[in-house]
Protein chains: 2
Amino acid sequence: MFSAFLDILSDLSPLSDKSRNALLKHLSSKRIPKDSFILKHGEVCKHIYFIHKGFARTFYYKNGKEITEWFADEKGFSFSITSYFQEQPSKLVIECLEDSEVIYLPKKEMYELSYNHIDIAQLIIKMFSYSLMISQERMDSIQFETAKQRYDKLLKNQPEILQKVPLQYIASYLGITSETLSRIRN
Amino acid sequence: MFSAFLDILSDLSPLSDKSRNALLKHLSSKRIPKDSFILKHGEVCKHIYFIHKGFARTFYYKNGKEITEWFADEKGFSFSITSYFQEQPSKLVIECLEDSEVIYLPKKEMYELSYNHIDIAQLIIKMFSYSLMISQERMDSIQFETAKQRYDKLLKNQPEILQKVPLQYIASYLGITSETLSRIRN
DNA sequence: CAATTCAATTGATAATTGTCAAAAAATTAT
DNA sequence: ATAATTTTTTGACAATTATCAATTGAATTG
């Protein structure tokens, strides 16, 4: 299981056996039942969380309403960017929407390893580059596409999500209300 | 001049003299006159550009209109995220709004150095982490704040920019039309 | 399986922002 | 300084989306 996970990381940026073994020592995993949390509100996000099995969503509260920020499917990942980098209590909550198996990649240990495993440093660079591109694309999408365009894009690129998730989660993920989403869908 | 620049980088993540000297060999700088481009449309973004002196804005075309994505003041930086990482022609244009002095930090050489200078790898990690946080914050801002809130925030945090830049640039940066900005300002 | 709770839809209305056109103000060039 | 150009403002109107309330539908639970 960790080995499959290390394969995924190696796909991003190749890892030597030495680095794989070094990382392996610091990986842990946890079964998280449906409706329980990977990261709770107010906790500091000290890991990047990989969904080995199951499904998670990341959200926060805005005027008492839950705003979904991210869905992580199998082989997907999630972390609270601000909490992770600034080591502050997280406003984001990461919740499992199905019984899940989550792999914890700890920040502290990963950073420590990056000082004497150059391929781990490269992996980190790749992970953050990748996140940065995604973040940028989402920003453009929110700023310049209409609600309908964003919905159609989601429908095209991640139709599985629409099967699994209440529409209200989709709505806030797209930056609109449930009512508007309902109307878009006709 | 490069030394002042290396100091700025060192502030982000400390650099040994060895690494400073290694980087120094690959730095270049260029005077860019007002209204000329640091990065042209269609060019691949092969550097991160630091404004040593002057002022630049990054924008792209959307339905024939210029949409400002970023302002870089003195000690600020800019690059086209998508073009830089995917090595594709840039949709973004980086333009100097004043006579400027720009320092070019080349991707290829920086990445090469990162393989045997661990502190340079750490610097890259810091730069991208920082960019990721900024990107995230802007996304939240665009998604959840009204145009007025975004304007007031800009007014508070970067009042200099309002002095220097035509309001239409500000408007597109805030994700609104000039007319709306004009009304917000009363 | 009926009752309760939660989710999705629909309708009416309001708020925000965009679009287009024109006028006023500011900037730049001759 | 005056003309030409560009930028900003203003007005009228349209489009998009939000809000609130009510209803329908679905799913969970006792």
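Quick note on labels: first sequence line is chain A, next is B, and so on, each numbered from 1.
Under a cutoff of 6.0 Å and an axis angle of 45°, A:Lys164 and A:Phe55 form a cation-pi pair. For B:Lys153 and B:Tyr151, the positive end is not near the middle of the six-membered ring at less than 6.0 Å and at most 45° from its axis.
The CD1-P distance, from B:Ile176 to C:dT19, rounds to 12 Å in whole Å. Per the geometry, CD belonging to B:Glu66 stands 13 Å off C1' belonging to D:dT6, to the nearest Å. To the nearest angstrom, P of D:dT16 lies 18 Å from OH of A:Tyr151. At whole-Å resolution of the value, CD in A:Gln163 and P in D:dA26 are 16 Å apart. Rounded to whole Å, the distance from CD1 on A:Ile184 to C1' on D:dT16 is 10 Å. Note: CG (B:Leu181) to C1' (D:dT10) measures 14 Å, nearest angstrom. In this structure, B:Glu179 places its CD atom 14 Å from P of C:dT17, rounding to the nearest Å. Protein atom CD1 of A:Ile170 is 13 Å distant from nucleotide atom C1' of C:dA7, rounded to whole Å.
Nearest-nucleotide positions on DNA chain D for B:Tyr169 and B:Thr180 put B:Tyr169 closer to the 5' end. Nearer to the 5' terminus of DNA chain D, by closest-nucleotide assignment, is the contact made by B:Gln168 (compared with the other of B:Arg183 and B:Gln168).
A close approach under 4.0 Å does not occur between any side-chain nitrogen or oxygen of A:Thr177 and OP1 or OP2 of D:dT17.
Summarising the geometry, atom CD1 belonging to A:Ile81 is positioned 8.5 Å from atom CG belonging to A:Leu92; distances are rounded to the nearest 0.5 Å.
Ring centroids of B:Tyr49 and B:Phe77 are separated by 6.0 Å or more, keeping the two rings apart.
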